[in-house]
Amino acid sequence: WVECRSPPATNYCLSCQDKLCSSCTKFLHQKGKRKHHQFQLIKEISSTDNVEYCTQCSVRLATEYCKMCQTPLCDSCNAFTHKSTCSIRLKIRGVNDDPIDCSVCHKHPADILCRDCGGEVYCSVTWMGNPGCFHATHNKGNRASHVREPYTIITERVEQWKKEEEMRRRSEGREKRRKERELASERKKIEERVEKQRRCLLVEAKRNFKRGRKVAVLKRKMGEKNKVMGFLGRLQQIGVLWNNWAKR
């Protein structure tokens, strides 16, 4: 935007402090010191705090949700770019790349197949006075005699996908419960081991306490015995001195 001033700016250079479009960003920052500059996406500004941005472009505010995967999208990405990347839509299309959307409005899922139109599919959704794309295109002329049949591939594959998702969730739930049981069992073993160690330490502490008391009693008795022996030794010395004095 600073350089060419024609397309809208999509990147903000934190070093240059310039707003640039994708082409100018690539051209001006492909070599030299600018090659190492950091960029920040310029997002749509919202007046509220709790906003949700489009997961496809990450720039505009999300205003719609994908009918297949419930991904938040802006109106442009939902109409043009997300259809080619929607994981559920790709699963439903299958390896044969079967059509999903109505070949006329390209908005609603198809539920009618015309055998005489080369396998084209149509929707029967009525809106704004429209009686449905198939009825609107086959109400007169040669097409009025075309043979129609229900186009059930989408519903069948959606049901199959739902069953697969349900089986996957159940499998994940079983795996999660198994891991929780293993963790609970391991936690119980650890708690039992800790309790056993605590009891062993308590018994050892009691033994050490009793042993310490016995040692203290023995030391006290030995101290008393030493006092008595010292007293007797002093009496013996006094007796020897008395006898020596008496002989004189």
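Rounded to the nearest 0.5 angstrom, E192 CD and K189 NZ are separated by 9.0 Å. Annotation: the span from K188 atom NZ to R181 atom CZ amounts to 14.5 Å, rounded to 0.5 Å. Rounded to the nearest 0.5 angstrom, Y12 OH and K43 NZ are separated by 16.0 Å. Here K26 contributes atom NZ and C21 contributes atom SG; the two are 10.5 Å apart, rounded to the nearest 0.5 Å. One distance of note links OG1 of T63 with CD of E52; it measures 10.5 Å at 0.5 Å rounding. Note that SG of C117 is 11.5 Å distant from CD1 of I112, once rounded to the nearest 0.5 Å.
The two atoms that bring S145 and D116 nearest to each other are O-OD2, 4.2 Å, heavy atoms only. Contact record, C114 with H138: SG-NE2, 3.6 Å, taken as the closest heavy-atom pair. In terms of heavy-atom proximity, A9 sits nearest to I42 at CB-CD1, 3.8 Å. Between L113 and G119, the closest heavy-atom pair is CD1-O, 3.3 Å. For the pair L41 and N11, the tightest heavy-atom approach, listed with the atom from each and the gap, is CD2-OD1, 3.5 Å. Summarising the geometry of C69 relative to T71, their closest heavy-atom pair is SG-OG1, 2.8 Å, with the distance given to 0.1 Å.
The existence of a salt bridge linking D75 and R60 is confirmed by a sub-4.0 Å separation between a basic side-chain nitrogen and an acidic carboxylate oxygen. Taking a cutoff of 4.0 Å between a charged side-chain nitrogen and a carboxylate oxygen, R187 and E191 do not qualify as a salt bridge. Between D101 and K83, at least one side-chain nitrogen of the basic residue sits less than 4.0 Å from a carboxylate oxygen of the acidic one, meeting the salt-bridge criterion. For R178 and E175, the salt-bridge test passes: some basic side-chain N is under 4.0 Å from an acidic carboxylate O. Checked for salt-bridge contact, E195 and R198 meet the test: a charged N lies under 4.0 Å from a carboxylate O.
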Apply salt bridge (charged side-chain N to carboxylate O under 4.0 Å, His left out) to R177 and E180, showing your working. CA-CA 5 Å; R177 289 191 292 271; E180 289 177 352; over 6 Å; no
Q38 vs S15, test: side-chain contact (heavy atoms from CB on, under 4.5 Å). Steps then yes/no. CA-CA 7 Å; Q38 300 295 325; S15 301; 5.6 Å; no
Given H82 and Q56, is the side-chain contact (heavy atoms from CB on, under 4.5 Å) satisfied, shown in steps? CA-CA 7 Å; H82 180 68; Q56 192 77 21; 3.2 Å; yes
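Under the 4.5 Å side-chain heavy-atom criterion for Ile, Leu, Val, Met, Phe, Trp and Tyr, V59 and Y53 are members of distinct hydrophobic clusters.
A 4.5 Å side-chain heavy-atom check between C74 and C57 finds at least one atom pair inside the cut-off. Taking 4.5 Å as the limit, every side-chain heavy atom of H37 sits out of range of all side-chain heavy atoms of L14. Counting only heavy atoms from C-beta outward, the side chains of C123 and P109 never approach each other to under 4.5 Å.
Formation of a donor-acceptor pair under 3.5 Å by the E44 side chain with backbone atoms of L61 is found in this model. Checking side-chain atoms of S171 against main-chain N and O of M167 turns up no donor-acceptor pair under 3.5 Å.
Tested against E172, the residues R168, R174, R170 include a single side-chain hydrogen bond (donor to acceptor under 3.5 Å, both in side chains) partner, R168.
Taking a 6.0 Å sphere around CZ of R199, one finds it holds 12 or fewer heavy atoms contributed by other residues, nucleotides or ligands. More than 12 heavy-atom neighbours from other residues, nucleotides or ligands sit within 6.0 angstrom of CZ on R143. Annotation for L202: atom CG counts as buried by contact number, over 12 foreign heavy atoms lying within 6.0 Å.
Using modelled atom types and a 3.5 Å distance limit, the side chains of S124 and D111 yield a donor-acceptor pair. For the residue pair E149 / Y151, no side-chain donor-acceptor distance below 3.5 Å is found, with atom types taken as modelled.
In summary, the aromatic rings of Y122 and H135 are positioned with their centroids too far apart to meet the 6.0 Å limit.
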